[in-house]
Chemist: 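Before I ask anything, let me first share the structure, which is written out below as structure tokens.
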Amino acid sequence: MDHDVKNTVTIASAKDTTGFALYAGSVVCSECHKDIYDSAIHTQHYLTTRPASAEYIKGSFEQGKNFYAYAFNIVVAMEKSDSGFFEVGYFNGVAGISKRIDIVVGSGAKGQTYITRHKNKLYQLPVSYFTSAHNWANSPEYPTHPVIFNRPITSRCLECHTTYVEQIPTPNHSQEEFSQNIIYGIDCEKCHGPGAKHVAYQTQNPKNTISKYIINPAKFTRQQSLDLCGLCHGGKLDKTKPSFMFVSGDKLSDYFQKSTLTVDSADIDVHGNQLGLLSISKCFRNNTAMTCITCHSSHENERGNIELFSQRCIACHNNRQNHTCKMSNEIGSAIKENCIDCHMPLRPSKTITELLPGNAKPTAALIRSHHIAIYPKETKKILDIFKLNKYGGDKHGALK
Ligand code: HEC
Ligand code: HEC
Ligand code: HEC
Ligand code: HEC
Ligand code: HEC
Ligand code: HEC
Ligand code: HEC
């Protein structure tokens with residue numbers, strides 16, 4: 001079954017204001033917004049959850065590279081057959097438990113983890129993929145003994161990594177259940193709201209170039225714009241309403257309680273809290289318009305293009321406004337290519353960490369700090385790299 005294309009069966013009840021039937025799926029949007037679609041499918045947002053396939057699973061299934069050893073006699077192997085991709089547990093060389101990979105979570109920029117479905121319940125599998133090591137690893141915060149295959153996946157996890165998943169009502173305190181009605185990835189309708197009505201209207205009125213029934217975040221207030229991105233990039237939030245009720249344009253505080261937002265940058269994890277870190281930066285506090293989309297494009301993958309991002313800094317920090325870098329003379333012309341490594345250094349994440357084969361301690365993924373500030377130690381390091389790179393520098397960031 002192709003989960004990418006929304007099927008026409010309507011299960012959602014009339015009471016459900018964000019039900020599956022209200023979504024069209026981005027394949028439908030592509031009929032009229034082809035350029036945006038063609039570019040958006042290469043973003044990490046789109047790729048952050050996909051149905052399992054060879055195209056999307058990053059790790060190797062090749063003999064000799066396809067396993068993670070928990071102990072000399074306890075191994076989980078990654079195997080493929082005609083019926084799909086599997087994580088298979090071996091004890092003393094004998095295959096035991098075997099679970100199919102149904103959903104891939106993570107674009108693979110940093111890593112991926114895998115979900116298996118048993119009836120209507122979803123579980124995270126023990127072996128994940130860690131991109132910086134190009135290797136299989138133990139899933140984050142998983143025990144190494146015993147090896148577990150049954151950690152439940154919750155709606156909160158899916159709310160940040162998919163556009164919509166239809167939940168099946170279950171009694172309180174029992175494990176959540178999900179139907180096959182899933183809109184994978186952070187797709188068009190996460191930011192533009194459910195689009196079936198827009199599609200129906202524009203299809204019936206093909207000559208009408210004025211749109212209806214769709215949300216354009218370009219028209220948002222600053223707070224609405226920040227709330228949309230803050231849904232997933234605002235650190236740990238406790239929900240006060242069921243998952244998937246928040247629609248782009250809504251007030252985040254109507255759906256979530258900010259439990260752990262503090263103003264001390266040391267306390268805010270760099271994983272998933274770009275909003276918290278940006279909020280304590282002078283750029284953000286002393287400018288009344290800055291949002292995430294001041295620097296980030298909504299439909300394009302610009303990852304690694306440090307020079308382009310630096311141009312966006314310079315748009316505000318130019319001579320006219322006299323907010324230029326005090327290091328300009330010392331750095332010389334190379335400064336135009338990289339404001340980022342000195343003022344938004346890479347920092348180890350506290351939560352995206354994985355245990356690699358043979359290591360005693362987990363390895364952390366490196367994440368850009370959004371606390372834009374002055375970092376003397378980083379500056380020294382970067383100045384040295386600039387000097388090394390003087391003849392044939394690398395414009396994609398000194399640290400990449
Ligand atoms: C049958 C053609 C058609 C389809 C399918 C379609 N749109 Fe549109 N859309 C239009 C037209 C026409 C406009 C108005 C002209 C423009 O802005 O391009 C528009 C405008 C928009 C706008 C800008 C609205 C504004 O207020 O400025 C957004 C956002 C949008 N569409 C998103 C989507 C999404 C998301 C989907 C898929 C769920 C989708 N569209 C599917 C035809 C379509
Ligand atoms: C529903 C959750 C969700 C929303 C809403 C969301 N994001 Fe994301 N975003 C993610 C996830 C998850 C990832 C990591 C995807 C991956 O690599 O698997 C991500 C990744 C990113 C990245 C890294 C991509 C790169 O190329 O380096 C940027 C930048 C980003 N988001 C910006 C935004 C902005 C700006 C908004 C608001 C307009 C936003 N996000 C809204 C969940 C979300
Ligand atoms: C992460 C959020 C996000 C996702 C996902 C997203 N958009 Fe947008 N989109 C925006 C924002 C924000 C704007 C307005 C400002 C801008 O262009 O950055 C916008 C603007 C638009 C517009 C108005 C015309 C324009 O270019 O300004 C259209 C049409 C549109 N998006 C269609 C789509 C379609 C189709 C998809 C899926 C293939 C999609 N968007 C995915 C956030 C998103
Ligand atoms: C509050 C929103 C949120 C929740 C809840 C959440 N994530 Fe994430 N996740 C993110 C964001 C945002 C990123 C991108 C990393 C970053 O830059 O902060 C990410 C990154 C990841 C990545 C790495 C992707 C890559 O290649 O870059 C994986 C894998 C992942 N999450 C899995 C999960 C799983 C599994 C769950 C549930 C147990 C979960 N996440 C819960 C927001 C969330
Ligand atoms: C929308 C405009 C805007 C953008 C874009 C912007 N800044 Fe700023 N930035 C400001 C303002 C305003 C201040 C505060 C100046 C003041 O009043 O001292 C500031 C302050 C700073 C400071 C001083 C911080 C401190 O703690 O003393 C640094 C460093 C800085 N910005 C670097 C950057 C970098 C690097 C980028 C790009 C990643 C960037 N800025 C993007 C507006 C902006
Ligand atoms: C090699 C590291 C490095 C690079 C590259 C760099 N900066 Fe700086 N920047 C610094 C340091 C260190 C300071 C503090 C200098 C001081 O106070 O004497 C600073 C200060 C600043 C300030 C505060 C100025 C003030 O009046 O207080 C701004 C704004 C700024 N930088 C912006 C930028 C922008 C924009 C870029 C890219 C065009 C950039 N920086 C590139 C290291 C760097
Ligand atoms: C002043 C510019 C600026 C603003 C504003 C900004 N970012 Fe970023 N962001 C960057 C730069 C530069 C990078 C690094 C890009 C790269 O390495 O490809 C980045 C990277 C990211 C990443 C990827 C982190 C990683 O290390 O993989 C995410 C996620 C992200 N931003 C989300 C956001 C969100 C959400 C907001 C709003 C709360 C935001 N950004 C506001 C400049 C900005």
Side-chain angles (χ1 to χ4, degrees), residues 42-49 58 104-115 124 128-131 139-141 151-163 185-187 190-191 217 220 225-237 246 248 256 269-275 282-283 291-298 300-305 310-318 321-328 330-331 334-343 349 351-352 354 365 367-368 370 372-376 378-386 398:
H42 299 293
T43 58
Q44 279 176 234
H45 275 157
Y46 179 85
L47 295 170
T48 198
T49 37
K58 293 269 177 185
V104 179
V105 187
S107 65
K110 299 186 190 70
Q112 295 185 324
T113 196
Y114 307 100
I115 293 178
Q124 187 173 10
S128 289
Y129 179 73
F130 204 53
T131 304
S139 293
E141 292 166 50
R151 179 179 282 185
I153 286 285
T154 66
S155 58
R156 185 69 186 111
C157 172
L158 298 171
E159 188 171 38
C160 284
H161 283 278
T162 68
T163 296
I186 315 298
D187 211 350
K190 195 83 198 188
C191 300
F220 282 177
S225 181
L226 293 172
D227 277 3
L228 170 60
C229 312
L231 170 66
C232 309
H233 296 282
K236 198 179 170 297
L237 298 171
F246 176 92
S248 179
F256 295 91
D269 189 5
V270 280
H271 162 235
N273 197 358
Q274 286 83 14
L275 178 57
K282 262 197 191 164
C283 301
T291 64
C292 309
I293 58 176
T294 305
C295 295
H296 290 291
S297 151
S298 313
E300 256 151 85
N301 185 342
E302 299 179 331
R303 193 174 180 79
N305 198 341
S310 301
Q311 293 313 311
R312 293 178 186 151
C313 311
I314 293 167
C316 282
H317 294 286
N318 50 36
Q321 296 181 338
N322 203 23
H323 284 326
T324 49
C325 184
K326 285 198 179 144
M327 301 284 288
S328 302
E330 195 164 334
I331 300 165
I335 197 171
K336 288 198 198 69
E337 294 170 5
N338 191 345
C339 315
I340 312 303
D341 283 329
C342 286
H343 291 296
S349 166
T351 47
I352 305 187
E354 296 190 69
I367 297 196
R368 272 297 154 202
H370 277 62
I372 305 172
I374 289 158
Y375 296 88
E378 221 67 32
T379 295
K380 208 186 154 295
K381 220 163 53 186
I382 302 303
L383 275 177
D384 287 346
I385 298 173
F386 273 164

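Positions are given from 1 along the sequence. Whatever order the structure lists ligands and atoms in, that order sets their numbers, starting from 1. Just so we're clear, the structure is a prediction, and the values are computed from it rather than from any experiment.
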Chemist: D187 versus Y46: any side-chain heavy-atom pair under 4.5 Å?
Modeler: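 Answer yes - side chains close enough.
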
Chemist: State, yes or no, whether a side-chain contact exists between D384 and K380 at a heavy-atom distance under 4.5 Å.
Modeler: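 Touching, per the 4.5 Å side-chain cut-off.
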
Chemist: Looking at C157, which atoms of ligand 4 are within less than 4.0 Å of one of its heavy atoms?
Modeler: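 Heavy-atom distances to C157 below 4.0 Å select 34 (C), 35 (C), 36 (C), 37 (C), 38 (C), 39 (C), 41 (C).
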
Chemist: Evaluating non-hydrogen atoms only, which member of E159, R303, H296, K110 is closest to atom 27 (O) of ligand 2?
Modeler: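 Result: the heavy atom closest to atom 27 (O) of ligand 2 is in R303.
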
Chemist: Quick check for you: to the nearest 0.5 Å, what is the distance between C342 atom SG and I374 atom CD1?
Modeler: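 The SG atom of C342 sits 10.5 Å away from the CD1 atom of I374.
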
Chemist: One residue to check: N338. Relative to ligand 6, which of side chain, backbone, both or neither has a non-hydrogen atom less than 4.0 Å away?
Modeler: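 The part of N338 near ligand 6 is the backbone, not the side chain.
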
Chemist: Could you check whether any heavy atom of Q274 sits closer than 4.0 Å to an atom of ligand 4, since that is the contact criterion I want to use?
Modeler: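 It does, in that a heavy atom of Q274 comes within the 4.0 Å cut-off of ligand 4.
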
Chemist: Show me which atoms of ligand 4 lie under 4.0 Å from any heavy atom of G106.
Modeler: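 What qualifies from ligand 4 is 24 (C).
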
Chemist: Is there a heavy atom in S298 that sits closer than 4.0 Å to ligand 2?
Modeler: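 No heavy atom of S298 comes that close to ligand 2.
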
Chemist: Would you mind running through ligand 2 and noting each atom that sits below 4.0 Å from a heavy atom of S107?
Modeler: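 Counting from 1, the qualifying ligand atoms are 16 (C), 17 (O), 18 (O).
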
Chemist: Mind checking whether C160 has a heavy atom under 4.0 Å from ligand 2?
Modeler: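 The answer is yes: ligand 2 sits under 4.0 Å from a heavy atom of C160.
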
Chemist: Mind checking whether I335 contacts ligand 6 via backbone (N, CA, C, O), side chain (CB onward), both or neither, at a 4.0 Å heavy-atom cut-off?
Modeler: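 Both parts.
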
Chemist: Should you measure from each heavy atom of T324, which atoms of ligand 6 turn up under 4.0 Å away?
Modeler: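 The atoms of ligand 6 under 4.0 Å from a heavy atom of T324 are 24 (C).
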
Chemist: Relative to the heavy atoms of T113, which atoms of ligand 4 are at a distance of less than 4.0 Å?
Modeler: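 That gives atoms 29 (C), 35 (C) of ligand 4.
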
Chemist: Please report which non-hydrogen protein atom sits nearest to atom 35 (C) of ligand 2, along with the residue it belongs to and the distance in Å to one decimal place.
Modeler: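 For atom 35 (C) of ligand 2, the nearest protein heavy atom comes out as C292 CB, 3.4 Å.
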
Chemist: Quick one: are T154 and C157 in side-chain contact, heavy atoms under 4.5 Å?
Modeler: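 The answer is yes, as the side chains (C-beta and beyond) meet within the 4.5 Å cut-off.
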
Chemist: I want to check something: taking the side chain as every heavy atom from C-beta on, are V104 and Y114 in contact at a cut-off of under 4.5 Å?
Modeler: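 Of all side-chain heavy-atom pairs linking Y114 with V104, at least one is under 4.5 Å.
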
Chemist: Taking only heavy atoms of I314, which atoms of ligand 6 are found under 4.0 Å from at least one of them?
Modeler: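 By the 4.0 Å cutoff, the relevant atoms are 38 (C).
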
Chemist: Under 4.0 Å, heavy-atom basis, I'd like to know which part of N301 is in contact with ligand 2: side chain, backbone, both or neither.
Modeler: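 Side chain only.
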
Chemist: Touching ligand 2 at all, E302? Heavy atoms, strictly under 4.0 Å?
Modeler: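 Contact check E302 vs ligand 2: negative.
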
Chemist: Ligand 2 and H161, any nitrogen or oxygen pair closer than 3.5 angstrom?
Modeler: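 No, H161 has no N/O under 3.5 Å of an N/O on ligand 2.
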
Chemist: At a 4.0 Å threshold, what atoms of ligand 4 neighbour a non-hydrogen atom of G111?
Modeler: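 The list of qualifying atoms is 23 (C), 24 (C), 25 (C), 26 (O), 29 (C).
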
Chemist: Between atom CD1 of I340 and atom CD1 of I382, what is the distance when rounded to the nearest 0.5 Å?
Modeler: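 Separation between the atoms: 11.0 Å.
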
Chemist: State the atoms of ligand 2, each with its element, that fall below the 4.0 Å cut-off from a heavy-atom position in I186.
Modeler: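 Under 4.0 Å from I186, ligand 2 has these atoms: 1 (C), 2 (C), 3 (C), 42 (C).
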
Chemist: Run down the list C232, G230, S248 and name the one with the heavy atom closest to atom 4 (C) of ligand 2.
Modeler: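 Among C232, G230, S248, the closest heavy atom to atom 4 (C) of ligand 2 belongs to C232.
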
Chemist: Quick one: does K336 get within less than 4.0 Å of ligand 6, heavy atoms only?
Modeler: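 Judged by the 4.0 Å heavy-atom criterion, K336 does not count as contacting ligand 6.
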
Chemist: Is there at least one pair of N or O atoms, one from I367 and one from ligand 4, spaced under 3.5 Å apart?
Modeler: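 No, no N or O pair falls under 3.5 Å.
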
Chemist: If you scan the protein for heavy atoms around atom 42 (C) of ligand 2, do you find one that is closer than 4.0 Å?
Modeler: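 It does: a protein heavy atom is found less than 4.0 Å away from atom 42 (C) of ligand 2.
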
Chemist: Taking atom 8 (Fe) of ligand 2 as the vertex, how big is the angle to NE2 in H45 and NE2 in H233, rounded to 10°?
Modeler: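 H45 NE2 and H233 NE2 form an angle of 180° at atom 8 (Fe) of ligand 2.
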
Chemist: Where do S139 and S128 come nearest, in terms of heavy atoms and distance?
Modeler: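 So the minimum-distance heavy-atom pair works out to OG-OG, 2.7 Å.
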
Chemist: Output yes when R312 and E302 qualify as a salt bridge under the 4.0 Å nitrogen-oxygen rule, no when they do not.
Modeler: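 Here R312 pairs with E302 in a salt bridge, since their nearest N and O are under 4.0 Å apart.
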
Chemist: Taking only heavy atoms of R156, which atoms of ligand 4 are found under 4.0 Å from at least one of them?
Modeler: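 Selected atoms, number and element: 1 (C), 5 (C).
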
Chemist: Which residue from T291, T48, I293 reaches closest to atom 18 (O) of ligand 2 through any of its heavy atoms?
Modeler: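 Looking at heavy atoms only, T48 sits closest to atom 18 (O) of ligand 2.
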
Chemist: Between OG of S107 and CG of N301, what distance do you get to the nearest 0.5 Å?
Modeler: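 Atom-to-atom, S107:OG and N301:CG are 8.5 Å apart.
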
Chemist: Just wondering, is there an N, O or S atom on C325 that's nearer than 2.8 Å to atom 8 (Fe) of ligand 6?
Modeler: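 Here the distance criterion (N, O or S atom, under 2.8 Å) is met by C325, so yes.
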
Chemist: Give yes if a backbone or side-chain nitrogen or oxygen of T162 is under 3.5 Å from a nitrogen or oxygen of ligand 2, and no if not.
Modeler: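 T162 vs ligand 2: no N/O contact under 3.5 Å.
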
Chemist: With atoms numbered from 1 as shown, which atoms in ligand 6 lie under 4.0 angstrom from a non-hydrogen atom of H323?
Modeler: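 Answer for ligand 6: 29 (C).
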
Chemist: Quick test of your reading of the structure: of Q112, R368, H370, Q44, whose heavy atom lies closest to atom 25 (C) of ligand 2?
Modeler: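 That would be Q44.
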
Chemist: Do the side chains of F256 and L231 get nearer than 4.5 Å, heavy atoms only?
Modeler: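 Contact flag for L231/F256 side chains = yes.
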
Chemist: Report the part of M327 (side chain from C-beta onward, or backbone N, CA, C, O) that has a heavy atom under 4.0 Å from ligand 6; answer both or neither where that applies.
Modeler: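 Within the 4.0 Å criterion, M327 contacts ligand 6 through side-chain atoms alone.
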
Chemist: Given P217, C229, G304, identify the one with the heavy atom nearest to atom 38 (C) of ligand 2.
Modeler: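 Selected option, by shortest heavy-atom distance: C229.
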
Chemist: Is the shortest N/O to N/O distance between H343 and ligand 6 below 3.5 Å?
Modeler: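 Among all N and O atoms of H343, at least one is under 3.5 Å from an N or O of ligand 6.
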
Chemist: Is it the side chain, the backbone, both or neither of I331 that has a heavy atom closer than 4.0 Å to ligand 6?
Modeler: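 Within the 4.0 Å criterion, I331 contacts ligand 6 through side-chain atoms alone.
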
Chemist: Considering only heavy atoms from C-beta outward, does the side chain of L275 approach that of H370 to under 4.5 Å?
Modeler: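 No, every pair of side-chain atoms sits at 4.5 Å or beyond.
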
Chemist: Going by heavy atoms in the side chains, are C229 and Q274 under 4.5 Å from each other?
Modeler: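 Contact flag for C229/Q274 side chains = no.
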
Chemist: Looking at ligand 6, is there an atom of it that comes within less than 4.0 Å of some heavy atom belonging to I340?
Modeler: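 Contact absent.
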
Chemist: To check you understand the geometry: which heavy-atom pair defines the closest contact between A365 and K110, and what is its length?
Modeler: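 Nearest heavy atoms, A365 then K110: CB-CD, 4.0 Å.
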
Chemist: Under 4.0 Å from a heavy atom of V105: give me the atoms of ligand 4 that qualify, with their elements.
Modeler: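 Those qualifying, in numeric order: 29 (C), 32 (C).
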
Chemist: Can you confirm, on distance only, whether ligand 2 has an N/O atom lying under 3.5 Å from any N/O atom belonging to K190?
Modeler: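 So ligand 2 has no N or O lying under 3.5 Å from an N or O of K190.
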
Chemist: Nearest protein heavy-atom contact for atom 5 (C) of ligand 2: which residue, which atom, what distance?
Modeler: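 Sorting protein heavy atoms by distance from atom 5 (C) of ligand 2 puts L228 O, 3.3 Å first.
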
